[in-house]
Amino acid sequence: MTKPIQAIRGMNDLLPDAAQRWRRIEQQVIGVLGAYGYREIRLPIVEQTELYRRSIGEVTDIVEKEMYSFADRNGDNLTLRPEGTAGCVRAGIENGLLYNQIQRLWYCGPMFRHERPQKGRYRQFHQVGVEAFGMSGPEIDAELVLMTARLWRALGLTDIALEINTLGTPHSRAGYRTRLVDYFESHQAAFDDDSRRRLTTNPLRILDSKNPALSGLIAAAPSLLDHIDDESRAHFERLKTLLDGAGLRYRVNPRLVRGLDYYTRTVFEWVSSQLGAQATVCAGGRYDGLVEQLGGKPTPAAGFAIGLERLVEICGLSQATSPTDAPVQVYVTMLGERAEREGLALAEALRDRGLAVLCNSDGGALKNQLKRADRSGATFAVLLGEDECQNGLASVKNLRADEAQQQLSQAALGAYLRRRLGLDPA
RNA sequence: GUGAGCGUAGCUCAGUUGGUUAGAGUCCCGGAUUGUGAUUCCGGUUGUCGUGGGUUCGAGUCCCAUCGCUCACCCCA
């Protein structure tokens, strides 16, 4: 045997049982999005590298070391999308969807980041992304959050909690950042290497550190909420009022910081305790500056992304049993050359009548063919041998109930099976 | 990129202080029924013990390297 080729690390196959569970969950998600008037948009998986450099931020981990980038044959620098928002905004600008318009959009598909795989984190992973353009008020922020809450209810999820925060405007955040760096620099001795590095790259993330040695220092740090501008504070207060009014429970987490540079004002995150270290199932927020930053007219925007691997993981834990795909209804066994020839035609005729039919293939003793019929999940087996063929008949055996085997004309077979399967009235 | 744990049949796993020809269940195939499944009985194939070195009379077992998987750090959906 030659050496088999393996899948790329962190890129997983979804086998039929898993694919079925995924599709079921995706359909639930899409159903809820549709109920809020969101429409699907399909976007390329590859974009110019520059798009991500300009949107996600030059100094983020994603851009610095996680992107799958390569030179196209003509020398263009392309990248497998590490997230969906940038591409969606690019498409919106390019196709005139955002100019003086309100848009509610969603998309679904694979994203790529070169990280070390672990539970809930893969190099090819899948997101459902939702973006709302042209609305600057907190009502749309609330709508996005309420929509996700409805989705969790639809999926029967209970172990999932909402955290919200506001980042203010880029200007007020920059001021806070300076204050924070000043504060931390005076206490640098206690820092671990990671936090020391973050001091220059992303100081706000130090607030999120898991190092218990820093918890006292972090608790005493200046708070972002004390430094944001009045308009952002009013926006945030109004959002909380709207969520309260809708009866939604949440926790204000002043240390909640998104990793991508384009977020402004509202950010939120849904977390579950069932996912290990990668607890975030869904996260998003407002990004009022991004459209302009990518060459469009200034346009307020907000959105979120759901990590499908993580969502499927916690759905699997809450749904004890997962129903299977609709099984085939009829299995056709065939003995002999003539039966094999006529059986294929007979199966086609049954499918013409709307039946799901599995045809035996590669011969085998009748005993084996019936074994396969049983395993296929079919309700009825149709037996075709020399005897049946010579008389234009077919034998029908019920595989799920103890009843006498029938023999009837091939012409009457379709109607009989439809009636017995409950597709036509008796 | 860093660290830890784990790699034995298609799948789930056993394998003693290093000891003969590496085991069980499941799955698959054949038979008990010249054409009748899911139960039962009988028989059969499961394999470069992840890979490559080393120690030893002898390595699935000990050591080193390497690859892969898993979890965590980091990062994030």
Side-chain angles (χ1 to χ4, degrees), chain A residues 1-4 6-10 12 15 56 60-66 81-85 108-130 148 192-195 197-198 201-202 205-206 208-211 256-260 268-272 275-285 303-314 331 333-336 339 360 362 364-389 395-402 404-405 407:
Chain A
M1 280 221 300
T2 53
K3 194 163 71 177
Q6 293 181 292
I8 305 301
R9 156 176 263 220
N12 300 315
L15 304 184
I56 296 169
T60 57
D61 277 24
I62 292 178
V63 169
E64 279 186 338
K65 49 194 185 195
E66 294 176 1
R81 63 182 185 194
E83 59 103 38
T85 299
C108 175
M111 308 290 166
F112 303 84
R113 291 181 201 170
H114 190 104
E115 302 180 88
R116 190 79 166 255
Q118 71 181 73
K119 186 180 175 72
R121 189 174 77 182
Y122 309 96
R123 289 185 175 176
Q124 175 176 326
F125 61 103
H126 298 78
Q127 288 186 339
V128 171
V130 175
T148 52
D192 52 70
D193 289 345
D194 281 327
S195 294
R197 175 176 53 78
R198 289 194 194 111
T201 58
N202 194 346
R205 278 219 83 91
I206 300 175
D208 227 359
S209 173
K210 292 175 185 170
N211 185 348
L256 177 61
V257 178
R258 308 269 67 245
L260 283 51
F268 66 90
E269 202 166 279
W270 288 93
V271 296
S272 168
L275 286 169
Q278 311 298 328
T280 305
V281 181
C282 168
F304 64 82
I306 299 170
L308 277 175
E309 280 80 1
R310 295 177 188 180
L311 181 62
V312 170
E313 170 88 20
I314 59 178
Y331 190 102
T333 70
M334 298 164 290
L335 283 177
N360 188 74
D362 281 4
L366 179 63
K367 170 183 158 147
N368 252 354
Q369 295 194 31
L370 281 169
K371 198 182 254 189
R372 293 173 197 159
D374 181 50
R375 275 198 306 263
S376 77
T379 309
F380 288 99
V382 168
L383 284 64
L384 223 52
E386 281 302 320
D387 296 349
E388 285 87 350
C389 286
S395 297
V396 179
K397 183 183 177 72
N398 189 331
L399 297 168
R400 307 299 156 200
D402 191 17
Q405 185 170 314
Q407 214 172 48

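Heavy-atom basis, side chains included; hydrogens, waters and symmetry copies ignored. Reminder, nothing fancy here: chain letters follow the sequence lines and each chain counts from 1.
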Exercise. When the C1' atoms of B:G19 and B:G43 are considered, how many whole Å apart are they?
Worked result: 32 Å
Exercise. Do A:Leu383 and A:Val396 come within less than 4.5 Å of each other through their side chains, counting heavy atoms only?
Worked result: no
For this session: Taking side chain to side chain contact (heavy atoms under 4.5 Å, CB included) as the test, write out the residues that go with A:Arg205, two or more places apart.
Result: A:Arg198, A:Asn202, A:Asp208
Using a cut-off of under 3.5 Å, enumerate the N/O to N/O pairs linking the protein to nucleotides 32-43 of chain B.
residue, atom, partner, partner atom, Å
B:G35, O6, A:Asp387, N, 3.2
B:G35, O6, A:Asp387, OD2, 3.1
B:G35, O6, A:Glu388, OE1, 3.3
B:G35, N1, A:Glu388, OE1, 2.9
B:G35, N1, A:Glu388, OE2, 3.2
B:G35, N2, A:Glu388, OE2, 2.9
B:U36, O2, A:Lys397, NZ, 3.3
B:U36, O2, A:Gln405, OE1, 3.2
B:U36, N3, A:Gln405, OE1, 2.8
B:U36, N3, A:Gln405, NE2, 3.2
B:U36, O4, A:Gln405, NE2, 2.9
B:G37, N1, A:Leu399, O, 2.9
B:G37, N2, A:Asp374, OD1, 2.8
B:G37, N2, A:Leu399, O, 2.4
B:A38, O4', A:Asp374, OD2, 2.9

For this session: Treat primed atoms plus P, OP1 and OP2 as sugar-phosphate and everything else as base, then score nucleotides 6-11 of chain B 5' to 3': B for base contact with protein heavy atoms under 4.0 Å, S for sugar-phosphate contact only, - for none.
Result: ------
Exercise. Under the 3.5 angstrom rule, does the side chain of A:Ser376 hit a backbone N or O of A:Ala378 as a donor-acceptor pair?
Worked result: yes
Exercise. With sequence neighbours left out, what residues match A:Thr148 under side chain to side chain donor-acceptor pair (under 3.5 Å)?
Worked result: A:Trp270
For this session: Give the rounded distance in Å between these two atoms: CZ of A:Phe125 and P of B:C76.
Result: 11 Å
For this session: Using the C1' atoms only, state how far B:U20 lies from B:G58, rounded to an integer number of Å.
Result: 10 Å
Exercise. What stems involve RNA chain B, if each pair must be Watson-Crick or G-U and both of its distances must be under 3.5 Å, with 3 or more such pairs in a row?
Worked result: B:1-7 with B:67-73, B:10-13 with B:23-26, B:28-32 with B:40-44, B:50-54 with B:62-66
Exercise. Considering only heavy atoms from C-beta outward, does the side chain of A:Arg9 approach that of A:Pro117 to under 4.5 Å?
Worked result: yes
For this session: Whole angstrom is fine here: how far is it from CD in A:Glu83 over to P in B:A77?
Result: 8 Å
For this session: Mind checking A:Val128 for me? I need base, sugar-phosphate or nothing, with any heavy atom below 4.0 Å counting as a touch.
Result: nothing
For this session: Looking at every strand, decide which applies to A:Ala373 at a 4.0 Å heavy-atom threshold: base, sugar-phosphate, or nothing.
Result: nothing
Exercise. Are the side chain of A:Arg310 and the backbone N or O of A:Ala279 linked by a donor-acceptor pair below 3.5 Å?
Worked result: no
For this session: Sorted by first residue and then second, give each salt bridge (Lys or Arg N to Asp or Glu O under 4.0 Å) pair with at least one member in residues 365-388 of chain A; sequence neighbours left out.
Result: A:Asp374-A:Arg400
For this session: Using the P atom as the reference point in each nucleotide, state the distance between B:G47 and B:G31 in Å, no decimals.
Result: 22 Å
Check nucleotides 69-73 of chain B for protein N or O atoms closer than 3.5 Å to its own N or O atoms and list the pairs.
residue, atom, partner, partner atom, Å
B:C69, OP2, A:Arg9, NE, 2.8
B:C69, OP2, A:Arg9, NH2, 3.1
B:C71, OP2, A:Lys119, N, 2.9
B:A72, OP1, A:Ala277, N, 2.9
B:A72, OP2, A:Gln118, NE2, 3.0
B:C73, OP1, A:Lys210, NZ, 3.1
B:C73, N4, A:Arg121, NH2, 3.0

Exercise. Can you tell me how far P in B:U55 sits from the matching atom in B:U12, rounded to whole Å?
Worked result: 35 Å
For this session: Round to the nearest Å and state the distance from A:Phe304 atom CZ to B:C76 atom C1'.
Result: 17 Å
Problem set entry | For A:Ala305, all residues meeting side chain to side chain contact (heavy atoms under 4.5 Å, CB included), sequence neighbours excluded | A:Gln127
For this session: Sorted by first residue and then second, give each salt bridge (Lys or Arg N to Asp or Glu O under 4.0 Å) pair with at least one member in residues 111-122 of chain A; sequence neighbours left out.
Result: A:Glu115-A:Arg121, A:Lys119-A:Glu313
Problem set entry | Pairing residues for A:Pro110 by the side chain to side chain contact (heavy atoms under 4.5 Å, CB included) criterion, not counting sequence neighbours | A:Ile45, A:Arg81, A:Phe112, A:Gln124, A:His126
Problem set entry | For A:Asn12, side chain to side chain donor-acceptor pair (under 3.5 Å) partners two or more places apart | none
Problem set entry | Spacing of the P atoms in B:C28 and B:U16 (rounded, Å) | 31 Å
Problem set entry | By side chain to side chain contact (heavy atoms under 4.5 Å, CB included) - contacts of A:Leu256 (at least two apart) | A:Glu163, A:Asn165, A:Asn253, A:Val267, A:Glu269
For this session: Specify the closest pair of heavy atoms between A:Thr333 and A:Asn360, including all atoms of both residues, with the distance to one decimal.
Result: CA-CB, 4.3 Å
For this session: For B:C6 versus B:C62, give the span between their P atoms, rounded off to a whole number of Å.
Result: 10 Å
For this session: Please measure how far the C1' atom in B:G68 lies from the corresponding atom in B:U21, and state the result in whole Å.
Result: 30 Å
Exercise. Does any non-hydrogen side-chain atom of A:Gln369 lie less than 4.5 Å from one of A:Leu335?
Worked result: yes
Exercise. How far, in whole Å, is B:A4 from B:U45 if one measures between their C1' atoms?
Worked result: 39 Å
